[in-house]
Amino acid sequence: MATIGNDIGIAKQLLTAGELVAIPTETVYGLAANAMNGSAITKIFLTKNRPAFDPLIVHVASLEQARSVTREWPSAAEVLAKKFWPGPLTLVLPKIERVPDLVTSGLDTVGVRCPNHPLTLSLLRSLDFPLAAPSANPFGYVSPTTADHVQKQLGDQLPYILDGGPCEVGLESTIVGFEQNKVIVYRLGGLDLETIEDVVGPVSTQTTSSSNPKAPGQLSSHYAPGKQVFMGVLDEVLTTYPPEKVGVLAFSHPVGRVPSLNQIILSPGGRVEEAAQHLFGALRQFDQMDVSVIWAEAVPNQGIGRAINDRLRRASHH
Ligand code: TXA
Ligand code: MG
């Protein structure tokens, strides 16, 4: 099992030696390695069982460090970084040659992000290299939002988990790219569309893609827990499964016909931000419960609610 602690010195020593360390961010926990060290990067792919076509996000301490791994900054990218970093926003930009192809899956762009978590920011500032880090879960599974989630799934393959408490946002970063001077959202996430559009004007979204996605977070079947997830009409699920075998993931109030013990309420106060914080932990909880399937209710499609519905739809794609 991994050691869990909050010692940045230990994390620094391991990362400098080319080892993996799980790190907290405001979105989800990451599985980090020296982004400039090819053999350390290989360990990430092996540990997650991640296909080589799925590129990694490079985490930086500052805009200056982001510049050091990229070649070109459209003005919208600069505006977004200045406004929202540190924060749940990943920018896809042309990479410098020295960023290993393994990190970017051979693309000539790299996803960069400055995460907003005090422990990880201190760690990044103490290192003289950036950290490549995908979410710290086996490929295709729900992302971890606590150190314990990481321990349970990857703990026996890791020396150290830096524990920064439960993630404040609870959903992965929003991924944005730039094509012909247009801002394109590749993955909905912690920074909502409305907030981005307030700063750079209307953006387009390209968040569904099939076999060779630009952002594999776009794969239809992704972010899935161990049990089948259904959306849509609950009564249809209840024609196949008895109510006591159905887990319900509800937004703010329990629904009828299913025992209340089987129901998890994401936000009793009806706030989408709170629902996002609890979403991935709840999906994991159902795996421990005596239910056969999960029925998930869509949340209000506004703000981060859009990203929640996106993750639920992907989890329910069988
Ligand atoms: O919030 C987050 O983004 C978390 C934390 C740890 O920072 N990380 C995360 O990483 O969600 P991961 O690997 O699970 O998802 C990263 C997504 C992938 O779907 C990947 O394809 C996309 O980012 N991505 C990375 N580099 C890209 C690039 N050059 N072009 C397009 N998409 C890219
Ligand atoms: Mg992931």
Side-chain angles (χ1 to χ4, degrees), residues 20-33 35 41 44-45 47-60 69-71 77 84-96 99-117 120-121 123-124 130-145 149-150 153-154 162 164 167-179 184-191 206-209 212-224 276 280 304 307 310-311 314-315:
L20 303 186
V21 172
I23 56 167
T25 82
E26 80 282 32
T27 58
V28 300
Y29 275 72
L31 182 63
I41 298 302
I44 293 180
F45 282 90
T47 303
K48 281 195 59 135
N49 198 14
R50 181 177 176 110
F53 64 72
D54 192 355
L56 307 178
I57 293 173
V58 171
H59 296 70
V60 294
V69 294
T70 49
R71 282 183 284 116
F84 298 116
W85 279 0
L89 174 69
T90 295
L91 302 174
V92 174
L93 296 166
K95 78 174 186 84
I96 60 160
V99 175
D101 281 338
L102 272 173
V103 169
T104 62
S105 303
L107 296 172
D108 66 358
T109 54
V110 61
V112 285
R113 165 166 121 81
C114 179
N116 189 17
H117 190 290
T120 292
L121 277 175
L123 173 64
L124 283 166
L131 292 175
S135 53
N137 51 278
F139 181 71
Y141 197 78
V142 174
S143 295
T145 52
H149 292 165
V150 181
Q153 290 192 306
L154 300 179
L162 191 62
C167 299
E168 273 186 7
V169 174
L171 282 187
E172 301 86 351
S173 61
T174 301
I175 301 179
V176 168
F178 307 88
E179 294 176 25
I184 301 179
V185 173
Y186 297 134
R187 179 174 74 181
L188 299 175
L191 184 65
Q206 255 180 41
T207 57
T208 44
S209 181
N212 189 17
K214 200 159 274 157
Q218 296 179 335
L219 289 172
S220 312
S221 172
H222 211 85
Y223 306 107
F280 289 157
I304 200 172
D310 170 85
R311 299 302 187 275
R314 289 175 203 277

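Nothing here was measured: the structure is a model prediction, and the numbers come from that model. All values below were derived from every heavy atom in this structure, side-chain atoms included, with hydrogens, water molecules and symmetry-related copies excluded. Note that ligands are numbered from 1 as they come in the structure, with each ligand's atoms numbered from 1 the same way.
- Between Arg50 atom CZ and Leu31 atom CG the span is 9.5 Å, to the nearest 0.5 Å.
- The two residues Phe139 and Asn49 have their closest heavy-atom pair at CB-O, 3.4 Å.
- The residue Glu26 has no part lying near ligand 1, judged by heavy-atom distances below 4.0 Å.
- Under the 4.5 Å side-chain criterion, counting only non-hydrogen atoms from C-beta, Leu121 is in contact with Cys114.
- Of all atoms in ligand 1, listed by their number and element, those nearer than 4.0 Å to a heavy atom of His59 are 5 (C), 6 (C), 7 (O).
- Remark: Glu26 engages Arg113 in a salt bridge, criterion side-chain N to carboxylate O under 4.0 Å.
- Using a 4.0 angstrom heavy-atom cutoff, Thr104 does not count as in contact with ligand 1.
- Residues Asn137 and Tyr29 are not in side-chain contact: their nearest non-hydrogen atoms beyond the backbone lie 4.5 Å or more apart.
- Of all the listed residues (Pro94, Gly30, Ser135), Ser135 holds the heavy atom that lies closest to atom 9 (C) of ligand 1.
- Closest heavy-atom approach to atom 16 (C) of ligand 1 among the candidates Val110, Thr27, Ile57: Ile57.
- Atom CD1 in Ile96 sits 8.0 Å away from atom OG1 in Thr70 (nearest 0.5 Å).
- Between Tyr186 and ligand 1, no N or O atom pair is found at a separation short of 3.5 Å.
- Residues Thr174 and Phe84 fail the side-chain proximity criterion, which asks for heavy atoms closer than 4.5 Å.
- Here the side chain of Lys48 pairs a donor or acceptor atom with the backbone of Ser135 at under 3.5 angstrom.
- For residue Ser143, no N/O/S atom approaches the Mg ion (ligand 2) to within less than 2.8 Å.
- Every residue two or more places apart in sequence or in another chain that forms a side-chain hydrogen bond (donor to acceptor under 3.5 Å, both in side chains) with Thr90 is listed here: Ser173.
- Here is the list of ligand 1 atoms found below 4.0 Å of a heavy atom in Ile175: 17 (C), 22 (C), 23 (O).
- Residue Thr109 has at least one heavy-atom neighbour below 4.0 Å for each of these atoms of ligand 1: 28 (C), 29 (N), 30 (N).
- For Arg187, the heavy-atom gap to ligand 1 drops under 4.0 angstrom.
- Contact check for His149 versus Tyr141: no side-chain heavy atoms found under the 4.5 Å cut-off.
- At a 4.0 Å heavy-atom cut-off, ligand 1 touches Leu107 through the side chain alone.
- Polar contact with ligand 1: absent for Tyr29 (N/O pair, distance under 3.5 Å).
- Distances between N or O atoms of Thr25 and those of ligand 1 include no value under 3.5 Å.
- Residue Pro134 approaches ligand 1 through these ligand atoms, each under 4.0 Å from one of its heavy atoms: 10 (O), 12 (P), 13 (O).
- Here the CG atom belonging to Leu188 is positioned 7.5 Å from the CZ atom belonging to Arg314, to the nearest 0.5 angstrom.
- Close approach of ligand 1 to Gly111 (heavy-atom distance below 4.0 Å) involves ligand atoms 26 (N), 29 (N).
- In Leu56, the part holding a heavy atom less than 4.0 Å from any atom of ligand 1 is the backbone.
- Taking each of Ala133, Gly190, Ser173 in turn, the one with a heavy atom nearest to atom 3 (O) of ligand 1 proves to be Ser173.
- Within ligand 1, counting atoms from 1 as listed, the ones closer than 4.0 Å to a heavy atom of Asp54 are 18 (C), 19 (O), 20 (C), 21 (O).
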